[in-house]
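Reminder, nothing fancy here: chain letters follow the sequence lines and each chain counts from 1. This is a predicted model, so every value here is computed, not measured.
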Protein chains: 2
Amino acid sequence: MELRQLRSLVVLSEVHFNVSRTAERLNLVQSAVTQHLKQLEAEVGTALFVRHGKRLIGLSPVGEQVLCHACEVLRQIGNITAVGQDHSNEHQGLLRIGATHTQARYVLPPVIRAFARAYPQVELQIHQGTPAQLADLALRDLVDLAVCTEALGEEVALQTVPCYRWNRALVAPLAHPLLEVCPLTLNALGRYPIITYVFGFTGRSAFSDAFAKAGVKPQIVLSAADTDVIKTYVRSELGVGIIASLAYQPSEDQDLGMRDLSPLFPWEVTKIAYSRDKYLRKYHQHFIDIFKASTQDLITERVLEPALAHA
Amino acid sequence: MELRQLRSLVVLSEVHFNVSRTAERLNLVQSAVTQHLKQLEAEVGTALFVRHGKRLIGLSPVGEQVLCHACEVLRQIGNITAVGQDHSNEHQGLLRIGATHTQARYVLPPVIRAFARAYPQVELQIHQGTPAQLADLALRDLVDLAVCTEALGEEVALQTVPCYRWNRALVAPLAHPLLEVCPLTLNALGRYPIITYVFGFTGRSAFSDAFAKAGVKPQIVLSAADTDVIKTYVRSELGVGIIASLAYQPSEDQDLGMRDLSPLFPWEVTKIAYSRDKYLRKYHQHFIDIFKASTQDLITERVLEPALAHA
DNA sequence: GTTCGTTACGGGCAACGTAACCATT
DNA sequence: AATGGTTACGTTGCCCGTAACGAAC
């Protein structure tokens with residue numbers, strides 16, 4: 001058994017079992033990949049693939065298991081090279097971050113800036129996706145670190161590091177009556193059309209639960225995965241927005257009023273997650289530190305103070 | 001990076017960094033192993049070994065980490081071949097069991113007999129060791145399954161399957177007064193010289209705790225790792241023996257009297273442990289089933305009934 | 001002096017690439 | 001047709017083994 005055979009298998013599974021594409025990605029010729037797969041099947045002693053004639057369609061049950069172990073092998077091989085680079089080229093490498101739109105747009109910029117200053121030779125990649133996709137990317141080691149609020153808490157194969165707490169804010173056109181209502185309650189919110197995040201995103205389920213518990217049925221006129229989209233529709237007066245308060249930017253959002261909603265909804269915790277059997281390079285760990293330090297400011301400036309004001 | 005390089009590294013660490021022995025084990029020549037190690041160091045980019053001149057003495061910190069990942073790689077490679085064999089030669093293979101002497105001598109024989117009948121083509125190996133050694137063997141995948149009562153409960157990298165409960169029995173020459181004392185207490189035991197297991201073996205620490213809690217200081221005249229040794233010295237009247245009750249064999253131990261001690265000591269649980277990231281072949285799992293079923297009888301015949309009698 | 005590790009060199013295997021041949025859409 | 005996969009065959013690279021050298025105990 002050879003590593004190249006496993007590489008062919010793993011890449012094959014990533015390109016929908018197209019042998020030609022697999023060969024391209026590996027800088028090989030198709031026939032070489034065919035050989036690898038053939039040899040692997042011979043060594044394992046069973047068919048690993050489901051075939052339609054000559055075309056490969058998918059994996060047999062045995063193939064699934066083999067793939068799983070093969071991924072782990074390659075990850076560990078990656079870890080070995082990472083250990084090496086960490087001791088020779090400590091400041092050089094690649095950092096692949098997975099994040100939701102909100103994180104990428106409103107939380108990561110200062111973190112990335114600080115990190116890039118500290119590690120100018122580390123190439124940065126930001127991959128966007130839904131929380132569920134991010135968990136998957138982290139598990140398959142297609143990103144190094146996933147920044148995420150939901151959906152990865154229960155995945156045991158992921159190590160999660162809690163980083164900061166946040167809560168929601170109401171945004172509405174400046175003259176909107178909800179900006180003045182006192183006290184502001186879930187009931188009051190329920191009387192206006194609301195624009196907020198789609199399910200699976202940014203604390204949406206806790207959001208809905210809060211309304212359900214209060215016996216209020218909110219009028220969600222629009223859901224979006226993306227705070228910018230929400231703001232856009234708020235500006236066109238489709239409804240009031242409920243967004244993560246850290247996504248309100250005083251400088252750019254002067255035309256929108258903002259009210260902290262932390263008394264009404266539970267706090268959310270944003271974490272950084274990574275695969276448990278992944279070796280974190282020094283700069284990976286440093287990124288986490290920077291992220292935590294930087295978001296500490298977020299908490300003090302944006303979240304804790306308004307929260308205290310309402311307390 | 002190639003698998004053979006990692007194999008050389010791992011085997012090297014198993015033979016105290018003797019390159020020649022490594023080569024023998026791998027059916028290679030010394031120079032080949034030297035090459036592998038050299039290439040690996042080159043790829044990792046750092047010294048992996050501590051050297052005294054040309055001799056290899058140990059691993060550098062980086063080497064330790066690399067070794068760790070390399071072991072994992074090889075284990076997963078092993079899992080892949082295991083998956084394959086499980087689907088082609090389901091009934092052929094190797095079963096390496098780690099056990100303490102007591103398990104190997106008194107518990108395993110009927111299990112092994114049943115297993116060997118079911119899988120005549122599976123080669124069996126029994127490795128003996130202390131519980132701590134067994135845990136280590138299982139972690140390093142030098143045994144498939146470790147049968148053990150202690151010392152592996154807290155190791156998170158081991159999966160443990162509880163199998164049966166047992167407790168202790170007093171064994172003494174037939175005329176010994178302790179066989180008649182009623183009620184039998186820890187205090188009474190404390191008045192006679194005792195022979196039992198050494199620390200780290202077969203529930204010895206719970207044994208000592210029981211005495212300590214009762215404020216009794218037992219007179220341990222001899223400790224042994226091995227029930228047979230204990231019985232031998234009991235026969236030569238050096239003291240009374242306290243052994244796992246399942247190690248008393250009515251047919252062969254007619255010259256010794258036996259009294260159940262389960263009211264005096266806590267129950268122990270014997271488990272089967274294996275490395276979490278190990279693929280268990282069908283017959284591995286079947287062995288666990290047979291073990292549990294077979295020891296179920298032990299409980300009914302030897303443990304539960306006397307326990308009820310005393311209840 | 002013996003055991004052990006490194007280096008140099010040559011032969012043999014096998015991995016890859018080219019190319020011609022099938023299969024599927 | 002065109003895209004995708006398999007098989008056959010030749011060449012190159014490199015992996016191992018032999019052997020001579022150098023260290024360490």
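In summary, B:Arg75 and B:Glu72 engage in a salt bridge, as defined by a charged side-chain N under 4.0 Å from a carboxylate O. Residues B:Asp141 and B:Arg96 are paired through a salt bridge, judged by an N-O separation under 4.0 Å between the basic side chain and the carboxylate. Classification of A:Asp86 and A:Arg281 as a salt-bridged pair holds, one side-chain N sitting under 4.0 Å from a carboxylate O.
Between B:His52 atom NE2 and D:dC25 atom P there is a gap of 7 Å when expressed in whole angstrom units. Distance, A:Arg51 CZ to D:dT6 C1': 10 Å, rounded to whole Å. With rounding to whole Å, B:Lys54 atom NZ is found 6 Å from D:dA23 atom C1'. Residue A:Gln30 contributes atom CD, which lies 14 Å from atom C1' of D:dA2 at whole-angstrom precision. Per the geometry, CD belonging to B:Gln5 stands 12 Å off P belonging to D:dC14, to the nearest Å. Rounded to whole angstrom, the span from the CZ atom of A:Arg4 across to the C1' atom of D:dC15 amounts to 11 Å. Rounded to whole angstrom, the span from the CD atom of A:Gln35 across to the P atom of D:dC9 amounts to 13 Å. Here D:dC25 presents its P atom at 12 Å from CG of B:Leu56, a figure rounded to the nearest Å.
When side chains are defined from C-beta on, B:Glu2 counts as touching A:Arg4, because their heavy atoms get closer than 4.5 Å. Within the 4.5 Å cutoff, side-chain heavy atoms of A:Leu48 are placed close to those of A:Val62. For the pair A:Thr102/A:Val107, no side-chain contact is recorded, criterion being any heavy-atom separation below 4.5 Å from C-beta on.
The residue A:Gln39 sits close only to the backbone: its heavy atoms come under 4.0 Å of sugar-phosphate atoms, none of a base.
Applying the 4.0 Å criterion to OP1 and OP2 of D:dC15, one finds that B:His36 has every side-chain N and O outside that range.
More than 12 heavy atoms of other residues, nucleotides or ligands sit less than 6.0 Å from atom CZ of B:Arg105. Shown here is B:Tyr233, whose OH atom has no more than 12 heavy atoms of other residues, nucleotides or ligands within 6.0 Å.
If you find the closest nucleotide of DNA chain D to B:Glu2 and to A:Thr34, the one lying nearer the 5' end belongs to A:Thr34.
For DNA chain C, the contact window with chain B, defined by any atom under 4.0 Å from a protein heavy atom, covers C:dT3 to C:dT7 in 5' to 3' order.
Proximity of residues 12-24 of chain A to DNA chain D (heavy atom under 4.0 angstrom from any strand atom) is restricted to A:Phe17, A:Asn18, A:Val19, A:Ser20.
Distance from the side chain of B:Val29 is smallest to D:dT18 among D:dT7, D:dT18, D:dT6.
Two rings, from A:Tyr274 and A:His284, have their centers 6.0 Å or more apart.
Residue B:Glu14 forms a salt bridge (Lys or Arg N to Asp or Glu O under 4.0 Å) with just one option from B:Arg7, B:Arg21, B:Arg25, and that option is B:Arg25.
Taking the six-membered ring where tryptophan is involved, the planes of A:Tyr279 and B:His69 are perpendicular, since the angle between them exceeds 60° and thus also 30°.
Summary for the helix from C:dG1-D:dC25 to C:dA20-D:dT6: the axes at its two ends, each from 5 pairs, differ by 30° when rounded to the nearest 10 degrees.
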